Amino acid sequence: MLHIFGNMKTKDRWLALLCVLLVCGQVYFDLRLPDYTAEITVLISSEVTELSQYFAAGGKMLACALCSALLTVIVGYLSAMIAADFSYDVRAKLFDKVTSFGSGEIKKFSTASLITRTTNDITQIQMIISMGLQMLIRAPIMAIWAVIKIVGKSWELSVVVASAVVIVVGALIVLLAIMIPKFRVVQKQIDDVNRITEENLNGIRVVRAFNAENYQESKFDKANTNLMKTQLFTGRGMAVLSPIMMFVQSGVSVAIYYVGAILINNIEVPLSGTAAEIATAISERSTMLGEVVSFSSYALYVIMSFVMLLMIFMLLPRAQVSAQRINEVLDADIAVKEGTETDSDETGTIEFKDVSFRYPDASEGCLKHITFSAKKGETVAFIGATGSGKSTLGGLAARLYDATSGTVLLDGMEISRYDFETLYKKVGYIPQKATLFADTVEGNLKFGSTRSNITYEEMENAMDIAQASDFVHAMDDDVNSRIAAGGSNVSGGQKQRLSIARAVAGKPEILIFDDSFSALDYKTDKALRQRIKTDLNGTTCLIVAQRIGTIRHADKIIVLDDGEVKGIGTHDELMKNCPVYQQIALSQLSEDELAANE
């Protein structure tokens, strides 16, 4: 946990130190109250009739109580501010780290777990900081200070307090030994609940189509029940603590007054002694009575300190687990690291030199010894059976991950040497699954830190090329119309066209279409490709596709099978000399359709 606190700002550290000093002052004023209580008790027992003395002692008590209350408010405010500021910084760093993750890192942690770590886990840290600055600092200072004040006054009463402390500490140790393993389980069970909820929401159409609501409810109920049982167990454990503490507090008060009564009774007042001896004995009894009263207050402060420590220790294991989970993300190695280069000698070229790729933990490679090149303005297409590595090859070209071996060159330079801003100005990537964000159409088209200067005319042109103008202009607010999260208020084809328009609007040197035409009908597909050919004549296009009709007029078609290149050439060339391509083509189109020029 100390590792994560190393990220705390200098300002927050100074405020935390100020909190420590204020807590010391707060404890000082709290522990002065029993002294004035003892003073008033002595005054009462000595039958002092001057009200001014009572008012003086009472006034001091009131002043101490007010000062303690004021310091408590200040410490509470500062601790809440420090905790909120710290959690804000950690959440920002965590989010920033997650956005730099590649697909491998996302799979390692899972989306549901990353959401839990960014929300619930950070909340646990925030809570422990807020409460810790108030209780964790206050409790030991108060306990030690109170013990110092009572040590040496009466060994009999000290034994009573020590016995109470032993009982409290024993209960604390037993309880923590039982609870800590359960707290480690809770966060993982929250991950499970989030994961099932996320799956159900993302796949709600599939769930309904297969009438699987009961199945999903059963799966969620199982995870939810496991979480409930664990939290009930920890809750009951904490509930057991309350009566134990009440019993100890009440018991120690009774024991102190009982032992104190015996001690007072042992101070004899000589009936036949001199007036001075009688006065001395009465004074000793009054002093002892005051000590018993103050001892009772100090003992309650000691017990209260251990109760506060116990509350912190109940939260600390869960916060420790949360801190470890957050550190796992912050310390995770990033597979795709940013380069530093911002310039290159060529424009719009990409080349693969003996590139192989294997996903983490996979038993065998996904791509094997891929070599090809694309010149400026060329259209290079990739086709093959499902699982042949087409999308992986497109991802390597967009540097979503790095090659296991071999070299990918962009504009004549190794792609890993570019900084991300330069790289993604050069490359426009349209993923297989179109993703839109909760924003306006314009906001989605201008998505990205370097795209805010895109003009309305450039947006209009991009939408026109992507065949998105008609349905966007038919919306109520045109480009200012709202897009729901995930693009749930537009169709699949409309999402895909907006996704293509988003990439085109940035005017990249290279456009990578990862099976981006699959959601489009043949007419829209054809119109879109014609506009790309005429309007983006100087743009290099890499097209991953399933349909022969989409790629048959590409300058170069690369046929993949089981991660290996089985043929490179034009449509006509491959129809003559590539059996794999012939098989794919004949499975989709008749010989007459293949012979016809689209």
Side-chain angles (χ1 to χ4, degrees), residues 91 94-95 97-99 101-125 127 178-239 315 317-329 332 359-363 366 386-387 391 431-438 483-492 495 515 518-519:
R91 190 178 294 110
L94 197 63
F95 184 83
K97 186 62 178 276
V98 170
T99 55
F101 278 177
S103 58
E105 291 84 4
I106 295 292
K107 290 177 182 177
K108 175 183 176 182
F109 290 103
S110 84
T111 303
S113 180
L114 289 172
I115 291 172
T116 304
R117 294 172 200 240
T118 311
T119 53
N120 186 273
D121 283 326
I122 290 180
T123 300
Q124 298 300 322
I125 301 297
M127 188 183 303
I178 296 173
M179 293 298 177
I180 287 178
K182 293 297 182 181
F183 282 125
R184 298 186 186 279
V185 173
V186 166
Q187 297 304 103
K188 293 182 180 179
Q189 291 177 334
I190 293 175
D191 284 350
D192 291 339
V193 171
N194 283 346
R195 175 181 55 80
I196 294 171
T197 303
E198 180 191 17
E199 287 178 348
N200 191 66
L201 292 174
N202 289 338
I204 190 68
R205 294 180 180 177
V206 177
V207 172
R208 290 177 179 171
F210 284 84
N211 194 27
E213 287 90 344
N214 292 337
Y215 173 78
Q216 286 295 97
E217 287 174 6
S218 175
K219 190 162 66 170
F220 179 82
D221 184 64
K222 182 179 178 181
N224 197 27
T225 300
N226 290 337
L227 177 60
M228 178 194 68
K229 288 180 178 179
T230 306
Q231 290 182 326
L232 277 175
F233 183 88
T234 56
R236 286 165 182 163
M238 295 181 70
L315 296 173
R318 189 168 177 180
Q320 177 68 30
V321 173
S322 295
Q324 290 173 353
R325 285 159 55 86
I326 292 169
N327 284 328
E328 284 175 2
V329 178
Y359 284 103
D361 302 324
S363 57
C366 178
T386 301
S391 292
Q432 185 174 8
K433 182 180 179 181
T435 301
L436 298 179
F437 299 88
I483 298 293
S488 59
N489 61 335
V490 292
S491 70
K495 279 198 297 185
D515 201 13
S518 58

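Owing to the predicted nature of the structure, the values given are computational and were not obtained by experimental measurement.
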Partner set under side-chain hydrogen bond (donor to acceptor under 3.5 Å, both in side chains) for Glu328, not counting sequence neighbours | Arg117
Reported CG-to-CD1 distance for the pair Asn120 and Ile125, which is rounded to 0.5 angstrom = 10.5 Å
Is the backbone N or O of Asn224 less than 3.5 Å from a side-chain atom of Lys229, with the two atoms forming a donor-acceptor pair by type?
-> no
Find the distance between NZ (Lys433) and OG1 (Thr435) and round it off to the nearest 0.5 Å.
-> 6.5 Å
Spacing of Gln189 atom CD and Thr116 atom OG1 [to the nearest 0.5 Å] = 12.0 Å
Measuring from Ser218:OG to Glu213:CD, what's the distance to the nearest 0.5 Å?
-> 13.0 Å
Val329 vs Arg325 side-chain heavy atoms within contact, under 4.5 Å | no
How about Ile483 and Phe437: do any of their side-chain heavy atoms sit closer than 4.5 Å?
-> no
Residues Asp121, Arg91: salt bridge by 4.0 Å N-O rule | no
Of the options Val185, Leu227, Ile115, Thr230, which is the one that meets Ile190 in a side chain to side chain contact (heavy atoms under 4.5 Å, CB included)?
-> Leu227
Taking every heavy atom of Lys495 against every heavy atom of Gly487, the minimum-distance pair comes out as CD-O, 3.4 Å
Are Asn200 and Gln216 close enough that a side-chain donor and a side-chain acceptor fall under 3.5 Å?
-> yes
Reference residue Ser113; test side-chain hydrogen bond (donor to acceptor under 3.5 Å, both in side chains); the match among Asp192, Asp191, Asn194 | Asp191
Taking atom CG of Leu114 and atom CZ of Phe95, what is their separation to the nearest 0.5 Å?
-> 11.0 Å
When rounded to the nearest 0.5 angstrom, what distance separates CD1 in Ile122 from CE in Met127?
-> 13.5 Å
Do any N or O atoms from the side chain of Asn327 and from the backbone of Ala323 form a donor-acceptor pair under 3.5 angstrom?
-> yes
